[in-house]
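Both ligands and their constituent atoms are indexed starting at 1 by order of listing.
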Amino acid sequence: MATDSAPATVLEQRRALRTPVPGPRSIALGARRAAAVAAGVSSTLPVYVARASGAVIEDVDGNVFVDLGSGIAVTSVGASAPEVAAAVAAQALDFTHTCFMISPYEEYVAVCEALARLTPGDHAKRSVLVNSGAEAVENAVKIARRATGREAVLVLDHAYHGRTNLTMAMTARAMPYKTGFGPFAGEVYRVPASYPLRDPEGMTGEQAARRAIDVAERQVGADQVAAIVVEPILGEGGFVVPAPGFLPTLAAWAKDKGIVLVADEVQTGFARTGAMFACDHEGVVPDLIALAKGIAGGLPLGAVTGRAELLDAVHAGGLGGTFGGNPIACAAALASIDLYERTDLVGAARAIEDRVVPRLTASLADVGAVAEIRGRGAMLALELVRPGTLEPDKAAAQRVAAACAAQGVLVLTCGTWGNVLRLLPPLVIGDELLDDALTVLEDALRSL
Ligand code: PMP
């Protein structure tokens, strides 16, 4: 069996630059890419990957980068975690695909059992497995509409939910996600989010929620609303942690009005924020939760988990898809979930927050471009502005990310204005490697 014979490559967890970035092999691949890959697909790093392991990525020229992105919050258990790689190899030898809608298998059922156990709330739950985060969000909306018989969907300002037609409609930012791609799905209504740095000073979470509820009740009508879809921490919108009380107030209102509360935990889920799910920080129990990214250690898998009566309101055949819950992805999910629990990756995410936030808060106190250091667990961000103002500085974020890349540290940006640096290291990153990457980041910010 592959499990015994082929341990995954384990790279030394150390940054190393052997050529300028990008090196000659990456430059050659870039030329092939330009002639074959659609220009609409862009990449952050100009290098091509040869191997990845734990919290490092090795490129085709032998440069080794510290990964502070985890493939956008996916490889939380580490890149090519040996346990995940072994599960994938073993499952591939048994069977690669049958389609759960045709001939089902245990791995799908086991993932759904694990999701019922791990997600917030101890009510009866069901799950459906899909291929991506966008597909999970779309299915959550389908389920909420079918179960309530209502059509309207509320979403937050700064939201990101995906690139399909419905999830583009639900996403806030036009460029690059929506511009030129309409018309978009209807019955989607946007309400204000809680954004403590940019809200009126002193606004509480409850006040921010009331502001959103007021818009919804005036412009849509609560009895028309099937679902309110929230990211418990705004992801692509800038890693914005809502003021305490925002989510609980929205949840209480939704419950009162018969509105399905959907938590989009595609980016925040699976230990990332120092809790298994970000809703747990405020004891919020969503009716449906959309999951993907970190669920399967790098394999494509998404899920909707939630109240049994909602999921089971959908007629037989109303949910599914050819690849949804692919057995290899399910095997990877089961191995990843075992790692989250057995190796306490929730604790690891908290330890990363404890290591990063006090250090950067002290070391960057006099860097005027840093308006705020925020986030939870290993979902951390720095919002950059023109010093002395709240004016977003996208160019500064891009300069810092590029300077880090040139020194072998992969840092992603995000934010409605593109002015936020985000840190999403694999939760298994070692202290020494993390410290080294932070030094590079600090130097880049200082030289702004
Ligand atoms: N929801 C959230 C909160 C996300 O962060 C993302 C991806 N960045 C998505 C949905 C879409 O996921 P996918 O790219 O897997 O479709």
Side-chain angles (χ1 to χ4, degrees), residues 40-44 69-76 119 128-142 144 153-173 176-178 181 184-185 188 190 193 195 227-242 247 261-273 277-279 284 286 288-305 321 323-326 329 332-333 336 375-381 412-416 418 420 422-424:
V41 186
S42 61
S43 302
T44 302
S70 302
I72 322 186
V74 170
T75 51
S76 301
T119 51
V128 55
L129 303 185
V130 294
N131 301 294
S132 68
E135 213 188 330
V137 173
E138 287 240 13
N139 276 279
V141 171
K142 278 170 65 172
V153 177
L154 300 178
V155 293
L156 296 177
D157 197 4
H158 308 285
Y160 181 89
H161 295 295
R163 295 174 183 271
T164 59
N165 188 268
L166 174 60
T167 56
M168 275 193 292
M170 297 169 69
T171 290
R173 187 173 164 187
Y177 305 126
K178 302 168 77 166
F181 299 144
F184 302 111
V188 175
R190 193 167 309 285
Y195 197 143
I228 177 165
V229 184
V230 297
E231 292 162 86
I233 297 176
L234 290 165
E236 302 303 312
F239 283 24
V240 181
V241 183
L247 294 172
L261 176 67
V262 180
D264 179 347
E265 292 235 21
V266 167
Q267 189 154 173
T268 52
F270 292 100
R272 175 53 56 187
T273 68
F277 297 97
C279 281
V284 167
L288 299 176
I289 183 164
L291 301 168
K293 289 196 190 277
I295 190 173
L299 275 283
L301 187 70
V304 184
T305 297
F323 288 123
N326 168 273
S336 300
R376 286 192 198 272
M379 183 174 183
L380 301 171
L412 308 182
T413 62
C414 65
T416 290
V420 178
R422 56 172 152 174
L423 311 181
L424 287 167

Asks: Of the protein's non-hydrogen atoms, which lies at the shortest distance from atom 5 (O) of ligand 1, and what is that distance?
Replies: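 That would be Q267 NE2, 2.8 Å.
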Asks: Name the one of V153, D264, L156, N165 that satisfies side-chain contact (heavy atoms from CB on, under 4.5 Å) with M170?
Replies: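 Among V153, D264, L156, N165, the one that satisfies the side-chain contact (heavy atoms from CB on, under 4.5 Å) with M170 is V153.
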Asks: Where is the nearest protein heavy atom to atom 13 (P) of ligand 1: which residue, which atom, and how far?
Replies: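 Going by distance alone, atom 13 (P) of ligand 1 is nearest to G133 N, 3.4 Å.
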Asks: Got a protein heavy atom sitting under 4.0 Å from atom 1 (N) of ligand 1?
Replies: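 When distances to the protein are checked, atom 1 (N) of ligand 1 has a heavy atom within 4.0 Å.
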Asks: With atoms numbered from 1 as shown, which atoms in ligand 1 lie under 4.0 angstrom from a non-hydrogen atom of D264?
Replies: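 The atoms of ligand 1 under 4.0 Å from a heavy atom of D264 are 1 (N), 2 (C), 3 (C), 10 (C).
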Asks: Sequence neighbours excluded, which residues qualify as ring pair (Phe, Tyr, Trp, His ring centres under 6.0 Å) partners of F277?
Replies: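 So F277 forms a ring pair (Phe, Tyr, Trp, His ring centres under 6.0 Å) with F270.
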Asks: State the atoms of ligand 1, each with its element, that fall below the 4.0 Å cut-off from a heavy-atom position in E231.
Replies: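 The list of qualifying atoms is 3 (C).
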Asks: Among the heavy atoms of K293, does any lie under 4.0 Å from an atom of ligand 1?
Replies: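 Flag set, K293 near ligand 1.
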Asks: Between Q267 (side chain) and A73 (backbone), is there a donor-acceptor pair under 3.5 Å?
Replies: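 Between the backbone of A73 and the side chain of Q267 there is no qualifying donor-acceptor contact (under 3.5 Å).
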Asks: After noting the C-alpha distance and the side-chain angles of L291 and T119, does the key distance pass the side chain to side chain contact (heavy atoms under 4.5 Å, CB included) rule?
Replies: CA-CA 10 Å; L291 301 168; T119 51; 4.2 Å; yes
Asks: Within a distance under 4.0 Å of any heavy atom of V266, pick out the atoms of ligand 1 and give their elements.
Replies: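 Matching atoms, with element in brackets: 1 (N), 2 (C), 4 (C), 6 (C), 9 (C), 10 (C), 12 (O).
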Asks: For ligand 1, which atoms have a heavy atom of A134 less than 4.0 angstrom away?
Replies: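 Near A134, the atoms of ligand 1 are 11 (C), 12 (O), 13 (P), 16 (O).
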Asks: Within the side chain of T171, is there an N or O that forms a donor-acceptor pair under 3.5 Å with the backbone of H161?
Replies: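 Yes: the side chain of T171 pairs with the backbone of H161.
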Asks: If we set the cut-off at 4.0 Å for heavy atoms, which region of E135 has an atom near ligand 1: side chain, backbone, both, or neither?
Replies: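 Neither part.
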Asks: If you count the atoms of ligand 1 from 1 in the order shown, which ones are under 4.0 Å from a heavy atom of S132?
Replies: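 Within the 4.0 Å cut-off of S132, ligand 1 contributes 15 (O), 16 (O).
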Asks: Is the backbone N or O of A378 less than 3.5 Å from a side-chain atom of R272, with the two atoms forming a donor-acceptor pair by type?
Replies: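 Here the side-chain-to-backbone pair exists.
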Asks: Using modelled atom types and a 3.5 Å cut-off, is there a donor and acceptor pairing between side-chain atoms of S70 and backbone atoms of L424?
Replies: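 Yes: the side chain of S70 pairs with the backbone of L424.
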Asks: Does Y177 have more than 12 heavy atoms from other residues, nucleotides or ligands lying within 6.0 Å of its OH?
Replies: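 Result for OH/Y177: enclosed.
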Asks: For ligand 1, does R163 get within less than 4.0 Å through its side chain, its backbone, both, or neither, judged by non-hydrogen atoms?
Replies: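 Neither part.
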Asks: Among all protein heavy atoms in this structure, tell me which lies nearest to atom 10 (C) of ligand 1, with the distance rounded to 0.1 Å.
Replies: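 Sorting protein heavy atoms by distance from atom 10 (C) of ligand 1 puts H161 O, 3.3 Å first.
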Asks: Checking E236 against R422 for the salt bridge (charged side-chain N to carboxylate O under 4.0 Å, His left out) test, could you report, in this order, the C-alpha distance in whole Å, the side-chain angles of both residues, the deciding distance, and whether it holds?
Replies: CA-CA 9 Å; E236 302 303 312; R422 56 172 152 174; 2.8 Å; yes
Asks: Test of understanding: given a 4.0 Å heavy-atom threshold, classify the contact between A292 and ligand 1 as side chain, backbone, both, or neither.
Replies: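 No part of A292 is near ligand 1 at this cut-off.
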